Protein chains: 2
Amino acid sequence: MTFRRFLSSYVPPKVRAIVFEKYGKPTDVLRAHTHELPLLTPTTLHIRFLASPINPADINQIEGVYPARPTFTKELGILSDGEHKELAVGGNEGLAEVIAVGNQIKDLNIGDWVVIGRSGFGTWRTHAAATPNDVIHINKEGIGLIQAATLTVNPCTAYRMLKDFVSLNEGDFVIQCGANSGVGQSVIQIAKAWNINTINIVRNRPDVEDLKARLKSLGATHIITDEELRSHKTKDLIKEWTGGNNIKLGLNCVGGEVAQEMSKYLGNSGHHVTYGAMSRKPFSIPASLLIFKDIKFSGYWMSRWYKTHSKEERGEMLSEIIRLVKQGKLGNVAYEEVLWGSQNENDESLKNKFLSALDKASAGFHEKKQILKMQS
Amino acid sequence: MTFRRFLSSYVPPKVRAIVFEKYGKPTDVLRAHTHELPLLTPTTLHIRFLASPINPADINQIEGVYPARPTFTKELGILSDGEHKELAVGGNEGLAEVIAVGNQIKDLNIGDWVVIGRSGFGTWRTHAAATPNDVIHINKEGIGLIQAATLTVNPCTAYRMLKDFVSLNEGDFVIQCGANSGVGQSVIQIAKAWNINTINIVRNRPDVEDLKARLKSLGATHIITDEELRSHKTKDLIKEWTGGNNIKLGLNCVGGEVAQEMSKYLGNSGHHVTYGAMSRKPFSIPASLLIFKDIKFSGYWMSRWYKTHSKEERGEMLSEIIRLVKQGKLGNVAYEEVLWGSQNENDESLKNKFLSALDKASAGFHEKKQILKMQS
C-alpha cells in the first residue's frame with residue numbers, strides 16, 4: 001500500500017495563500033503569503049485546492065461580524081516582514097485533490113476529490129494540511145470541477161431546508177423570497193427534481209420578464225414580484241395556484257417587509273425559515289400567525305449543520321446532491337473563473353488579482369460568482 | 001346497572017343560559033334564555049354546571065374576532081320573543097356534574113365531575129346535553145370546586161408550554177413576560193414544583209414591590225420589570241442569575257418591545273413561545289437570532305391542543321395537574337364568585353347579573369377572575 005500513501009518523489013509544494021492576522025476591511029487586512037506546508041503526520045492529509053469560490057459570508061468573516069470564526073494559527077510560517085503571528089486563511093468553500101495521506105488514514109487516497117466540510121478552514125490557498133474530519137470525499141466521476149467546488153454552501157443549504165423543517169410530498173407547495181439568489185436557484189431546481197411546486201418572489205426590476213423566464217427554465221412553478229405580492233389580488237391568485245392547498249414552507253433570505261408578507265401565505269402549521277437578511281431589516285410577526293395559525297419561525301445556518309452532523313451524514317447529503325447534478329437536474333449558478341495561485345507569481349501580484357475578484361464579488365453577488373481556479 | 005344510569009325520578013331541569021344569535025358587542029348581543037334540555041339519548045349525558053369562569057377569549061369569541069367559533073344550534077329551543085333561531089351559549093371553561101348518562105356510555109357515572117374539554121361548547125349555562133368527548137372526567141377527591149373549574153385554560157396552557165417545546169431538566173431556566181397573568185402564575189408554580197428556575201418580567205407599577213413579593217411567594221426565582229430589562233446592566237445580572245447557563249424557553253403573552261427584548265436573553269437553540277398579545281403589538285425578529293443563535297419562534301393555543309389530542313392524553317394532563325393541586329403546589333388565582341342561574345330568577349335579572357360580572361371581568365382580568373357559581 002505504501003506506494004499510494006507516500007510517493008517517494010513527493011516534495012511538499014509551496015503554499016500560496018490569502019491570509020489575515022486581524023479582522024477588518026478586507027482590502028486593509030488581507031495579504032498574500034507564501035509558506036511551507038506543515039509536515040505530513042500519520043493522521044493528516046495534504047490537499048491541493050482546485051477551485052475556491054468567494055461567498056458573501058467569507059467577507060463578513062474577515063470583517064469580524066460573522067459568528068463562525070476562522071482558524072488563527074502559527075503553523076502558517078513567518079510573514080515576509082519577519083513576524084511570526086497567528087494567521088487565518090480566508091474562504092470557507094472549496095474543492096481539493098488529495099496529494100498525500102498519512103499512513104493511519106484508511107478511507108482516503110491520493111487523487112481523491114474532497115470538499116471542505118466545516119466553516120473556518122480557509123480555502124483561499126493552493127495547498128493545505130487537513131484532517132479527515134475537515135473534508136468530505138466526493139466521487140469525481142461525471143461532475144465538473146466548478147460544480148464540485150460550489151456544492152457545500154448553496155445547494156446544501158437549499159437541500160437541507162427542503163428536508164429538515166416540514167415533511168414535503170410530491171405536489172406540495174413552497175414559497176420563497178430572494179428566489180434569484182444562489183440558494184434560491186438551488187431550491188427551485190431541487191424542488192423541481194422532487195416534484196415540489198415553488199412560488200418564487202423576486203424584486204421587481206426593468207428586466208423582470210427575462211428573470212422570470214430564466215427561473216422558469218430552471219423549474220420555477222410560479223414567479224411573482226414583491227410589488228405584485230403586496231397587491232390585494234394576490235391572495236386569490238395564490239389560492240388559484242395552490243388549488244387551496246396549504247403552503248407548507250417559506251424560505252427567506254431577504255427579511256423586512258417581504259419576509260413578513262410571505263408569512264401570511266403559509267398554511268396552518270407552516271414553517272417560515274430565515275437563512276439570510278439581504279435587506280438588512282428585521283421582520284415583524286403578528287401574534288395571531290403564531291397562536292392561531294401555528295406558523296413556526298426558525299433560522300437555518302449551514303455551518304451549524306456541518307458542525308453538528310457526522311461524516312456519514314455529510315457524505316450522504318453530498319452524494320444525493322451530486323446524483324442530482326449528474327442527472328442534469330441541478331446546474332451551476334453564473335460564475336467567473338479567476339486563474340490564481342501560480343507558483344511563479346509574486347505575492348503582490350497574487351494579492352492584487354485576488355482583491356480585484358473580491359471587488360467584483362462584493363459589487364454584485366447575484367450576477368456572477370467569483371471562483372478562484374488554482375494554477376498551482 | 002340501570003339505577004345509576006337513569007334514576008326513575010329523573011326530571012330534566014330547565015336550563016338557564018347566556019346565549020347569542022350573532023357576533024357583536026357582548027352587551028348588545030347577549031341575552032339570558034331559559035329552555036328545556038334535549039332528551040337524553042343512549043350516547044349522550046346530561047350535566048349540571050357547578051362553576052364557569054369568564055375568560056378574556058370568551059369575550060373575543062362573542063365579538064366574532066376569535067378563531068374558535070362557538071356552536072350555533074337550533075336545539076336550544078325558542079326565544080321568549082317566539083323566534084326559533086340558531087343560538088350559541090357563551091363561555092368555554094367550566095366544571096359540571098354528571099346528572100344523567102345514556103345507557104351506551106360505560107365510563108361515566110351520575111355524580112362524576114367533568115370539565116369541558118373543547119372550545120366553543122358553551123359553559124355559561126346551568127345544564128347541558130353533552131357527548132363523552134366534550135368532557136374530561138376528573139377525580140373530585142381533594143380538589144375544590146373553583147379550582148377544578150379553572151384548570152383547563154390557564155394551568156393547562158402553562159403545563160403544556162413547559163412540556164412541549166424544549167426538554168427542561170431540573171435547574172434549567174425559563175423566562176416569561178406578563179408573569180403576573182393567570183397563565184404566568186401557573187408557569188411559576190408548575191416550574192417551581194419541577195425545580196425549574198423562572199425569570200419573570202412584569203410591567204413596572206407603583207406597587208411593584210408587593211407584586212414581586214407575591215410572585216416570589218408563588219415560587220418565582222427572579223423577577224424583573226420591563227424597564228429594568230431594557231437597562232444595559234441586565235445582561236450581566238441575568239448571566240449572574242443563570243450562572244452563564246442558557247435560558248431554554250421564553251413565554252410571551254405581551255408582544256411588542258418586551259417580547260422582542262426577551263428573545264435576546266434566550267440561549268442558543270432556545271424556543272420563544274407566544275400565547276397572547278396583551279399589548280396588541282407585533283414584535284420584530286432580527287435575522288441573526290434566527291440564523292446564528294437558532295432561536296425558534298412558535299405560538300401556543302390551548303384550543304388547538306384539545307382538538308388534536310385524545311381523551312386519554314387530555315385525561316393524563318388533567319391528572320398530573322390535579323396531583324399538583326392536591327400537593328398544594330398549584331393554587332388559585334384571585335377570583336370572585338358570582339352566584340348565578342337560580343331557577344327562581346327571571347331572565348332579565350339573570351342577564352343583568354351576568355353583564356355586571358362581565359363588566360368587572362373586562363375591566364381588569366388580572367385583578368379577580370369572575371366565576372359564575374351555579375345556583376341551580
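A, B, ... follow the sequence lines: proteins, then strands. Residue 1 opens every chain. Small disclaimer: the values here were computed from a predicted structure and weren't measured. Both backbone and side-chain heavy atoms feed into the values below; hydrogens, waters and symmetry mates do not.
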Next item on the list: May I ask you to name which of B:Asn252, B:Val273, B:Thr274 has the most heavy-atom pairs under 4.5 Å with chain A?
Entry: B:Thr274
Check: Which distance, rounded to the nearest 0.5 Å, do you find between the CG of A:Asp294 and the CH2 of B:Trp305?
Finding: 14.5 Å
Notebook entry, point to check: Can you tell me how far the CZ atom of B:Arg304 sits from the CZ atom of A:Phe292, to the nearest 0.5 Å?
Noted result: 9.0 Å
Note to self: Tell me which of these, B:Ala68, B:Gly276, B:Ala259, B:Ser288, has more heavy-atom pairs under 4.5 Å with chain A than the rest.
What the structure shows: B:Gly276
Checklist line | Heavy-atom pair of closest approach, residues B:Ala277 and A:Ala287 | finding: CB-CB, 3.6 Å
Check: Considering residues, nucleotides and ligands other than B:Lys311, do more than 12 of their heavy atoms fall under 6.0 Å from its NZ?
Finding: yes
Margin query: Quick check on A:Ile295 against chain B: is it the side chain, the backbone, both or neither that has a heavy atom closer than 4.5 Å?
Written below: backbone
Note to self: Heavy-atom cut-off 4.5 Å, strictly under: side chain, backbone, both or neither for A:Tyr275 against chain B?
What the structure shows: backbone
Next item on the list: Working to the nearest 0.5 Å, report the span between NZ of B:Lys281 and OG of A:Ser284.
Entry: 12.0 Å
Notebook entry, point to check: Do B:Phe283 and A:Leu290 have side chains that get closer than 4.5 Å, going by heavy atoms?
Noted result: yes
Check: Do you know the tightest heavy-atom contact between B:Ile291 and A:Trp301?
Finding: O-CB, 3.4 Å
